[in-house]
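A short write-up of the structure that comes next.
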Amino acid sequence: MALPAVALCRIAASASAPPPASPAAGGRRRERERELPFALAERGMVVGGHRGMGMNAVGAPPGARVGAARERENTLLSLGRAAAHAAVAFVEFDVQVTKDGCPIIFHDDFILTQGADAVYERRVTDLLLEEFLSYGPQKESRKVSKPLLRRTGDGRVLNWSTEEDDSLCTLQEVFERVSPRVGFNIELKFDDNIIYHRKDLECALQAILQVVSHNARDRPVFFSSFHPDAARMTQELQSLYPVLFLTEGGTSKHHDARRNSLNDAIRVCLEYDLHGIVSEVRGVLKNPAAVVRAQESNLALLTYGQLNNVWEAVYFQYLMGVNGIIVDRVEEISNAVAAFSKPDYSGGGAGEDGAKHQAFSQQQLGFLLRFIPELIEQRH
């Protein structure tokens with residue numbers, strides 16, 4: 001089967017009513033229209049800003065092609081600037097819930113600060129909201145700020161410094177202050193080293209869903225999570241917003257077998273009735289046949305990872321039919337995608353601006369695929 005050059009998805013604002021079962025499905029799982037809340041059919045490939053304008057490269061491998069840390073990630077400043085780019089369809093950010101039940105924006109499981117003679121570390125979800133907001137720059141000058149530190153991948157603790165900083169924020173503030181034009185990819189963060197009881201997962205998810213339902217209005221929203229049970233429960237608790245399963249795509253090993261390959265991710269989506277997958281890009285490039293399986297299963301496929309900051313790797317994903325990418329080099333990559341990801345409604349292969357899209361054959365794509373392992377090794 002030839003890999004399609006562009007995958008188009010049918011789009012709707014919401015899917016609160018279940019669609020009828022496919023007549024050919026018999027007793028099988030009902031066929032759901034896999035709808036994402038942004039116009040893939042109009043854009044070809046969508047671009048999302050990773051934690052806003054890109055993750056801060058603390059502990060990134062030497063030479064990693066990640067943009068300079070101009071703004072601190074997961075802040076209103078970073079999210080707002082990413083949303084200002086016309087070619088950006090959505091911003092991705094990480095949500096956790098404080099001890100007193102407030103959804104906040106922060107990636108790491110632990111938050112660090114400098115005391116009088118030592119570094120102090122607290123689990124984010126063990127903090128009350130007021131405690132969490134006391135780290136880093138303060139909205140009110142009269143409040144005392146705790147220095148914000150971060151642990152690198154090799155265990156070092158460094159000052160978390162950027163060219164421009166901003167205060168920590170809540171999910172409510174992000175809805176209120178980031179342009180409603182841009183979609184939200186809300187990553188539901190849970191610690192891999194904790195076994196969560198169902199009631200604890202449900203309590204956190206309900207707090208997040210309450211903020212979303214009260215504030216989303218017409219904004220495109222979808223959820224994603226590395227935690228399979230959290231993804232399944234989010235789908236069970238609501239039917240308005242798509243839920244995608246996050247996976248390393250086989251680039252890391254986990255004790256949870258559901259997380260160990262792109263094929264496992266497809267099975268999880270089909271079993272839990274999820275809308276699609278967000279995979280580490282290397283997992284997709286190493287297993288291009290899984291792209292076809294995802295498409296045949298009517299699953300959306302997005303990717304994240306450092307290779308998404310290399311336009312050649314992004315272009316190849318476009319040819320494979322990947323629906324969207326999450327990037328750190330927001331301005332550069334979104335402009336590149338806007339240049340080659342043009343729709344064709346004429347039937348003649350030309351977009352509105354007259355640009356031609358090359359439809360690659362299976363043989364041509366096979367030839368290109370032979371270069372992917374070298375690209376992966378060079379860029380990672």
Using side-chain heavy atoms (C-beta onward) and a distance below 4.5 Å, is F223 in contact with I208? yes
Side chains of D100 and T98 only: does a donor on one sit below 3.5 Å from an acceptor on the other? yes
Is the backbone N or O of P147 less than 3.5 Å from a side-chain atom of T113, with the two atoms forming a donor-acceptor pair by type? yes
Do F245 and H227 have side-chain heavy atoms sitting under 4.5 Å apart? no
In a check of salt bridge (charged side-chain N to carboxylate O under 4.0 Å, His left out) between R259 and each of D264, D192, D229, which one passes? D192
The complete set of salt bridge (Lys or Arg N to Asp or Glu O under 4.0 Å) pairs with one or both residues in residues 195-215, sequence neighbours excluded, reads R198-E236
Minimum heavy-atom separation for A82 and G52, please, with both atom names. CB-O, 3.4 Å
Which atom of I266 lies closest to which atom of A290, heavy atoms considered: CD1-O, 3.7 Å
Tell me if the centroids of the rings in F184 and F175 come within less than 6.0 Å of each other. yes
Is any side-chain heavy atom of V174 closer than 4.5 Å to a side-chain heavy atom of T170? no
Just by distance, do the side chain of N74 and the backbone of F93 share a donor-acceptor pair under 3.5 Å? no
Are side-chain heavy atoms of N323 and M45 found at a separation under 4.5 Å? no
Taking the side chain as every heavy atom from C-beta outward, state whether L188 and S224 have any pair of such atoms under 4.5 Å apart. no
Is Y318 reaching over with its side chain to a backbone N or O of F340, donor-acceptor style, under 3.5 angstrom? yes
Between E131 and K146, does any side-chain N to carboxylate O distance fall below 4.0 Å? no
With a 3.5 Å cut-off and no angle check, do the side chains of N215 and E176 form a donor-acceptor pair? no
Begin with the C-alpha distance, continue with both residues' side-chain angles, and end with the deciding distance and a verdict on salt bridge (charged side-chain N to carboxylate O under 4.0 Å, His left out) for R72 and D166. CA-CA 7 Å; R72 189 156 52 76; D166 196 8; over 6 Å; no
Determine whether V97 and T125 make a side-chain contact, defined as any pair of heavy atoms from C-beta on separated by less than 4.5 Å. no
side-chain contact (heavy atoms from CB on, under 4.5 Å) test vs Q317 passes for just one of L301, V291, T303, namely T303
Would you confirm whether Q238, through its side chain, and L240, through its main-chain N or O, come within 3.5 Å as a donor-acceptor pair? yes
With distance as the sole criterion, is a donor-acceptor pair present between the side chains of Q206 and Q210 under 3.5 Å? no
So do the side chains of V327 and Y304 get within less than 4.5 Å of each other, counting heavy atoms only? no
Answer yes when R232 and D273 have at least one side-chain N-carboxylate O distance shorter than 4.0 Å, and no when they do not. no
Using ring centroids (six-membered ring only for Trp), state whether F222 and F90 fall under 6.0 Å. yes
Could you give me the CA-CA distance, side-chain angles and deciding distance for Q96 and H107, then say whether side-chain contact (heavy atoms from CB on, under 4.5 Å) is met? CA-CA 8 Å; Q96 303 184 58; H107 175 269; 5.9 Å; no
Check whether N335 reaches the backbone of E331 with its side chain - one donor and one acceptor, N or O, closer than 3.5 Å. yes
Determine whether the side chains of T152 and D154 contain a donor N or O and an acceptor N or O closer than 3.5 Å. yes
Distance, nearest 0.5 Å, that separates CG of D94 from CD1 of I105: 8.0 Å
Pairing of E187 and R51 as salt bridge, 4.0 angstrom limit: no
Given side chains that start at C-beta, do those of N56 and R150 come closer than 4.5 Å, heavy atoms only? yes
Can H254 and E248 be counted as having a side-chain donor-acceptor contact under 3.5 angstrom? yes
Is the shortest side-chain N to carboxylate O distance from E121 to R151 below 4.0 Å? yes
Do R267 and Y272 have side-chain atoms, one donor and one acceptor, less than 3.5 Å apart? no
Check: F106 ring centre within less than 6.0 Å of F132 ring centre: yes
Counting distance only, does the side-chain N/O of T162 pair as donor-acceptor with the main-chain N or O of E164 below 3.5 Å? yes
